[in-house]
Number of protein chains: 2
Amino acid sequence: MFSIGTMSDRTGVKVPTIRYYEDMGLLALAERTAGNQRRYDQAALDRLTFIRHARDLGFSIEAISELIALGEHPDQPCAGASRIARDQLADVRARLARLQRLEVELTRIVAGCSGDGTLDQCHVMAALADHDHCVTEH
Amino acid sequence: MFSIGTMSDRTGVKVPTIRYYEDMGLLALAERTAGNQRRYDQAALDRLTFIRHARDLGFSIEAISELIALGEHPDQPCAGASRIARDQLADVRARLARLQRLEVELTRIVAGCSGDGTLDQCHVMAALADHDHCVTEH
DNA sequence: CCTAATGTCTCTAGCTGCTAGAGGTTCAAG
DNA sequence: CTTGAACCTCTAGCAGCTAGAGACATTAGG
């Protein structure tokens, strides 16, 4: 049986975050010692590892919650899990596309300023004031 | 003079968000009518347009606040504004790099699942459970 | 000029995913 | 048995809004 601190050390998830995941229903209520401290088993550690990895991949708490619920029924078709992962990928790609547009604009804006003029001639301020200076919608 | 609704229509910034920006000190306190409603002038509209554009480019409220403060002294060198923009670009590039790694992993994970097996054979669940399935740190 | 509809006001609370702190209790090593 | 680290619960805070309640202001039409 592991204390919450051990769980934290093994997964890299901070102690208050573990408690938060419990509140959110991602982790089952842990057993308690006579003194009311949480004690976890291997299954709980595995689940926390799963959660950590899914969070690192950008899945929301809600999506992870659904994945865990699906995981309770391993005999079911995996279409649901597959859909959640594809949704997440679509989300990542959308954010990626947006950031790429921002990168283009910001690079242009920054390149236009050497940093040694005065502000009223500054390309940075002018570019921010007027979207027409941009080459893309963003 | 423009009402807050007109400001909203012209900039695409929602009415409560305009009030929020005022609270945050990005917009000066507006004049008020006898009935206590905000009335804005062209300078306020220009500033809100600036804020909107900077937000669209991902600048934080705090960064925008600094840019506005710098903008009050157009005779000063523009090194400060330039630095803020370069910081923002660096931030965007860091997030971009992270999302690109996620995209690689998620694409791999999703590709490994046709969606018509059962969950216990599902690549999605296995990949999420174990980081060793990943090709990158992410 | 009056009325009805729409716009605006302030205030509070909620969203995501944590993080920090206060004030108190329990555990484990020596 | 003592002591120091780890743990407990609870509340509040972060960004950047968004939503809703309940009340007042403005404006267009008749």
Side-chain angles (χ1 to χ4, degrees), chain A residues 1-27 29-40 44 47-48 50-68 84 87-88 91-92 94-95 98 102, chain B residues 1-27 29-40 44 48 50-68 84 87-88 91-92 94-95 98-99 102:
Chain A
M1 301 293 277
F2 315 120
S3 71
I4 198 166
T6 305
M7 292 283 279
S8 176
D9 292 342
R10 300 253 184 124
T11 59
V13 178
K14 289 179 185 159
V15 167
T17 304
I18 297 174
R19 292 197 274 250
Y20 171 74
Y21 289 161
E22 181 185 297
D23 283 350
M24 294 298 102
L26 294 189
L27 287 173
L29 292 175
E31 283 179 52
R32 299 291 184 127
T33 63
N36 200 35
Q37 297 194 357
R38 291 170 180 81
R39 285 300 112 101
Y40 296 93
R47 176 171 289 191
L48 185 54
F50 177 93
I51 295 167
R52 168 77 208 263
H53 195 206
R55 284 295 300 133
D56 282 349
L57 286 165
F59 287 85
S60 69
I61 300 285
E62 195 190 345
I64 295 170
S65 191
E66 288 178 52
L67 286 170
I68 288 171
I84 291 170
D87 286 353
Q88 173 59 17
D91 190 77
V92 166
R95 285 192 282 150
R98 169 137 203 278
L102 296 199
Chain B
M1 301 292 275
F2 315 119
S3 71
I4 198 168
T6 305
M7 293 283 278
S8 176
D9 291 344
R10 299 252 183 125
T11 59
V13 178
K14 289 182 186 158
V15 167
T17 305
I18 296 174
R19 292 196 275 248
Y20 171 73
Y21 289 160
E22 181 184 296
D23 283 351
M24 294 300 100
L26 294 189
L27 287 172
L29 292 176
E31 285 179 50
R32 299 290 183 125
T33 63
N36 200 37
Q37 297 193 357
R38 291 168 181 82
R39 285 300 113 100
Y40 297 94
L48 186 56
F50 177 93
I51 295 167
R52 169 75 207 263
H53 195 205
R55 286 294 300 131
D56 282 350
L57 286 166
F59 287 86
S60 69
I61 299 285
E62 195 189 345
I64 295 170
S65 192
E66 288 177 53
L67 286 171
I68 288 171
I84 291 170
D87 286 353
Q88 172 60 17
D91 190 78
V92 165
R95 285 191 284 149
R98 168 135 204 279
L99 278 181
L102 296 199

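Reminder, nothing fancy here: chain letters follow the sequence lines and each chain counts from 1.
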- Rounded distance (nearest 0.5 Å) linking atom CD1 of B/Ile18 with atom CG of B/Leu26: 12.0 Å
- Task: Tell me, with the steps shown, if A/Ile51 and A/Arg47 meet side-chain contact (heavy atoms from CB on, under 4.5 Å).
- Result: CA-CA 6 Å; A/Ile51 295 167; A/Arg47 176 171 289 191; 3.9 Å; yes
- Partners of B/Arg55 by salt bridge (Lys or Arg N to Asp or Glu O under 4.0 Å), sequence neighbours excluded? none
- Task: Can you tell me the distance, in whole Å, between the CD atom of B/Glu62 and the P atom of D/dC14?
- Result: 12 Å
- Could I get the full list of salt bridge (Lys or Arg N to Asp or Glu O under 4.0 Å) partners for A/Arg95, not counting sequence neighbours? A/Asp91
- Go along nucleotides 18-25 of chain C 5' to 3' and tag each nucleotide: B for a protein heavy atom under 4.0 Å from its base, S when only backbone or sugar atoms are that close, - otherwise. BS------
- With A/Phe50 via side chain to side chain contact (heavy atoms under 4.5 Å, CB included) - residues at least two apart: A/Ile64, A/Leu67, A/Ile68, B/Met125, B/Leu128, B/Ala129
- Please give, in whole Å, the distance from D/dC7 P to A/Glu31 CD? 17 Å
- Message: Output the rounded distance in Å from CG (B/Asp56) to P (D/dG16).
- Response: 13 Å
- Item | For atom CD1 of A/Ile51 and atom P of C/dG17, their distance in whole Å | 13 Å
- Using side-chain hydrogen bond (donor to acceptor under 3.5 Å, both in side chains) as the criterion, list what pairs up with A/Arg52, not counting sequence neighbours. A/Asp56
- Query: So, is B/Arg38 close to the C/dC9 phosphate, meaning a side-chain N or O under 4.0 Å from OP1 or OP2?
  - Reply: yes
- Per nearest nucleotide of DNA chain D, the residue lying toward the 5' end, B/Gly58 or A/Thr6, is A/Thr6
Result block: side-chain N/O donor-acceptor pairs under 3.5 angstrom for residues 9-16 of chain A, not counting sequence neighbours:
residue: A/Thr11; atom: OG1; partner: A/Met7; partner atom: O; Å: 2.8
residue: A/Thr11; atom: OG1; partner: A/Val13; partner atom: N; Å: 3.2

- Would you please confirm or rule out a distance under 4.0 Å between OP1 or OP2 of C/dT16 and any side-chain N or O of A/Ser60? no
- Item | Contacts of B/Thr6 that satisfy side-chain hydrogen bond (donor to acceptor under 3.5 Å, both in side chains) - sequence neighbours left out | B/Ser3
- Message: What is the distance, to the nearest angstrom, from the CD1 atom on B/Ile64 to the P atom on D/dC17?
- Response: 8 Å
- Message: From CE of B/Met1 over to P of D/dT26, roughly how many Å is that when rounded to an integer?
- Response: 13 Å
- Is there a side-chain polar atom (N or O) of B/Arg32 under 4.0 Å from OP1 or OP2 of C/dT10? yes
Provide a list of protein-nucleic acid N or O atom pairs under 3.5 angstrom, restricted to nucleotides 28-30 of chain C.
none

- Task: Show the numbers, then the answer: is there a side-chain contact (heavy atoms from CB on, under 4.5 Å) between B/Tyr21 and B/Ile61?
- Result: CA-CA 8 Å; B/Tyr21 289 160; B/Ile61 299 285; 3.7 Å; yes
- Whole angstrom value for the distance that separates C1' of C/dT6 from CG of B/Asp9: 13 Å
- Item | Residue pairs passing the side-chain hydrogen bond (donor to acceptor under 3.5 Å, both in side chains) test where at least one lies in residues 58-67 of chain A, sequence neighbours excluded | none
- Under the side-chain hydrogen bond (donor to acceptor under 3.5 Å, both in side chains) rule, collect the residues that match up with A/Gln37, sequence neighbours excluded. A/Arg39
- Query: So what is the end-to-end bend of the helix from C/dC1-D/dG30 to C/dG30-D/dC1, with 5 pairs used at each end and the value given to 10 degrees?
  - Reply: 0°
- Message: Nearest whole Å is fine: how far is C/dG17 C1' from A/Phe59 CZ?
- Response: 17 Å
- Message: Under the rule for side-chain hydrogen bond (donor to acceptor under 3.5 Å, both in side chains), what residues qualify as partners of B/Glu31, not counting sequence neighbours?
- Response: none
- Tell me whether the OP1 or OP2 atom of C/dT10 has a side-chain N or O from B/Arg19 closer than 4.0 Å. no
